[in-house]
> 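What follows is a single structure, and I will ask about it in a moment.
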2 protein chains.
Amino acid sequence: MSIQDRQVEDRLGEAGVRYTGGRRLVVAALERSDGPLSAAELHRELVGKVPVSSLYRTLSVLEEAGVVEPHHGARGVTRYEIAEWLAGHHHHLVCGNCGAVEDIELPRRLELRLEHLVGQASALSSFSAKGHSLEVDGLCARCA
Amino acid sequence: MSIQDRQVEDRLGEAGVRYTGGRRLVVAALERSDGPLSAAELHRELVGKVPVSSLYRTLSVLEEAGVVEPHHGARGVTRYEIAEWLAGHHHHLVCGNCGAVEDIELPRRLELRLEHLVGQASALSSFSAKGHSLEVDGLCARCA
DNA sequence: TTCCTTGCAAACGATTTGCATTGGA
DNA sequence: TCCAATGCAAATCGTTTGCAAGGAA
């Protein structure tokens, strides 16, 4: 079991739920991906292993526990990815055509600047900021 | 008719569709708002004036024509706002609880830095970048 | 035994669409 | 006149939930 998996197990334990086989499959599929995945995409990835309704319930449990984070996309589709405290902070490239999302990590230098910038920006508002994500929209290699 | 409204009229003309009364109401409501609005929110705003199905059709026409831009939020809700070429470039504060979105404009200095940063970031990827948006998530004043 | 978990099917809610009617150039 | 636009209702589609069966502690 990877270090990450151990962290997931611990977190679910704290949340009072089990880290079952189905849930492990979902977490593993998300770890394998280079961007957030929707329930439908996960279902395709895990053919015959996890029915759709269980996928939604699993994703909901994982989100409650803070193991995954949602990303809302076109046509009402929500994609999930491993939470930042496990997978590291990153940003998103979103394809305006097919909705695919790819993670990008900024060079440390740029990321530091961005954080500084977000701090200043949120200080100007009435929101209490929790996090941020830079969304770059365009076309993915396949749709270009 | 405001300058903006004239631009909208021209753009719709180029797209070969009419700028009808109902469509004017929707555009006006979006211009009035300080953040993107969903079909349901617009319906509330325009009670008795525009039925829900027409709202969706209007928003779709306006999006096709490039007059409004979508923002995808929780629970499959899509909110629309006046496109950037009409309303100016800005970023979003997104409430993680109720889904409300508030626009923020960065001070010129910070915005310039951000654009420079996005340029460098997208140069590292296989995406062809079209635009960007900094999403700051947190809680709005009401939900805090 | 006692809960948590799972799977199927039915229910939901946001959005879309078919079709007949209305309205503007 | 003629085609775009509208309104209602029915249909879609992603997602959620009720309920009965399965499993682990």
Side-chain angles (χ1 to χ4, degrees), chain A residues 8-27 29 36-65 67-80 98-101, chain B residues 1 8-29 36-65 67-80 98-101:
Chain A
V8 172
E9 183 164 48
D10 289 351
R11 178 59 82 95
L12 289 181
E14 289 164 23
V17 299
R18 299 177 198 147
Y19 194 20
T20 62
R23 291 174 184 173
R24 283 173 198 276
L25 285 173
V26 171
V27 169
L37 297 176
S38 66
E41 287 158 353
L42 281 166
H43 189 244
R44 223 168 290 138
E45 187 80 16
L46 303 172
V47 273
K49 302 216 182 77
V50 188
V52 183
S53 68
S54 291
L55 273 176
Y56 281 108
R57 267 198 274 243
T58 291
L59 290 168
S60 154
V61 164
L62 293 175
E63 184 184 357
E64 288 280 298
V67 170
V68 301
E69 286 163 0
H71 179 276
H72 305 292
R75 270 171 267 162
V77 174
T78 302
R79 281 165 228 267
Y80 291 87
C98 71
V101 182
Chain B
M1 191 190 311
V8 172
E9 184 165 47
D10 290 349
R11 179 59 81 97
L12 290 181
E14 291 164 22
V17 299
R18 298 177 197 148
Y19 194 19
T20 62
R23 292 173 182 175
R24 282 173 199 277
L25 286 174
V26 171
V27 169
L37 298 176
S38 66
E41 286 159 355
L42 281 166
H43 189 244
R44 222 169 289 136
E45 188 79 15
L46 304 172
V47 273
K49 303 218 182 75
V50 188
V52 183
S53 67
S54 291
L55 272 175
Y56 281 107
R57 268 199 271 242
T58 291
L59 290 169
S60 153
V61 165
L62 294 175
E63 184 184 357
E64 288 282 298
V67 170
V68 302
E69 286 163 358
H71 180 277
H72 305 291
R75 270 168 268 160
V77 175
T78 301
R79 280 165 228 267
Y80 291 86
C98 70
V101 181

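Below, chain A is the first sequence line, B the second, and so on; all start at residue 1. Quick note: numbers below take in every heavy atom, side chains included, and nothing from hydrogens, waters or symmetry partners.
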> Rounded off to whole Å, could you give me the CG-to-P distance for the A:Leu12 and D:dA24 pair?
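The distance from CG of A:Leu12 to P of D:dA24 comes to 17 Å, rounded to the nearest Å.
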> Does B:Arg57 reach a base, just sugar-phosphate, or nothing at all? Heavy atoms under 4.0 Å.
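Base contact.
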> Would B:Leu12 and B:Val67 satisfy side chain to side chain contact (heavy atoms under 4.5 Å, CB included), going step by step from the backbone distance to the final call?
CA-CA 8 Å; B:Leu12 290 181; B:Val67 170; 4.3 Å; yes
> Looking across every strand, which nucleic acid part, if any, lies under 4.0 Å from A:Ser53 by heavy atom: base, sugar-phosphate, or nothing?
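It contacts base atoms.
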> OP1 or OP2 of D:dC3 less than 4.0 angstrom from a side-chain nitrogen or oxygen of B:Arg18, does that happen here?
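No, B:Arg18 has no side-chain N/O under 4.0 Å of OP1/OP2 on D:dC3.
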> Mind calculating the distance between CZ (A:Arg24) and P (D:dG23) to the nearest angstrom?
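Distance, rounded to whole Å: 17 Å.
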> Are the side chain of A:Thr58 and the backbone of A:Ser54 linked by a donor-acceptor contact shorter than 3.5 Å?
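Yes; at least one donor-acceptor contact below 3.5 Å.
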> Taking CD from A:Glu63 and P from D:dT15, how many angstroms apart are they, rounded to a whole number?
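Whole-Å distance recorded here is 12 Å.
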> Without decimals, in angstroms, what is the distance between B:His72 NE2 and D:dT15 C1'?
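Value for this atom pair: 17 Å.
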> Could you tell me the separation between the CZ atom of B:Arg23 and the P atom of C:dT22, rounded to a whole number of Å?
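Those two atoms, CZ and P, are 19 Å apart.
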> Hey, which sits more toward the 5' end of DNA chain C by its nearest nucleotide, A:Pro51 or B:Tyr80?
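With B:Tyr80 and A:Pro51 compared, the 5'-side residue is A:Pro51.
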> Just to confirm, is there a sub-4.0 Å distance from OP1 or OP2 of C:dT5 to any side-chain nitrogen or oxygen of A:Thr20?
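False: A:Thr20 side-chain N/O out of range (4.0 Å or more) of C:dT5 OP1/OP2.
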> Is a donor-acceptor pair below 3.5 Å formed from side chain A:Arg79 to base D:dG14, judging by atom type as modelled?
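A donor-acceptor contact between them is absent.
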> Would you check if the side chain of B:Arg24 reaches a backbone N or O of B:Tyr19 as a donor-acceptor pair within less than 3.5 Å?
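Yes.
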> So, A:Arg79 side chain and A:Pro70 main chain: donor-acceptor pair closer than 3.5 Å or not?
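Flag not set: sc A:Arg79 to bb A:Pro70 has no pair under 3.5 Å.
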> Base, sugar-phosphate or nothing for A:Thr78? Non-hydrogen atoms, less than 4.0 Å.
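Sugar-phosphate, backbone atoms only, no base.
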> Could you state the NE2-C1' distance from B:His43 to D:dC8, rounded to the nearest angstrom?
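Value for this atom pair: 12 Å.
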> B:Val61 near the nucleic acid: base, sugar-phosphate alone, or nothing, with a heavy-atom cut-off under 4.0 Å?
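No contact.
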> Atom CD of A:Glu64 and atom C1' of D:dT16: how far apart are they, to the nearest Å?
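The distance from CD of A:Glu64 to C1' of D:dT16 comes to 14 Å, rounded to the nearest Å.
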> Is there a donor N/O on one and an acceptor N/O on the other, under 3.5 Å, for the side chain of B:Arg75 and the base of D:dG14?
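No, no donor-acceptor pair under 3.5 Å.
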> What nucleotide among C:dC3, D:dT16, D:dC8 has an atom nearest to a side-chain atom of A:Tyr56?
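The nucleotide sitting nearest to the side chain is D:dT16.
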> Of all the heavy-atom pairs spanning A:Val68 and A:Leu59, show the shortest one and how long it is.
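Looking at all heavy atoms of both residues, the closest pair is CG2-O, 3.9 Å.
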> I need the CG-P distance between B:Leu59 and C:dT15, as an integer number of Å.
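My rounded result for the distance is 9 Å.
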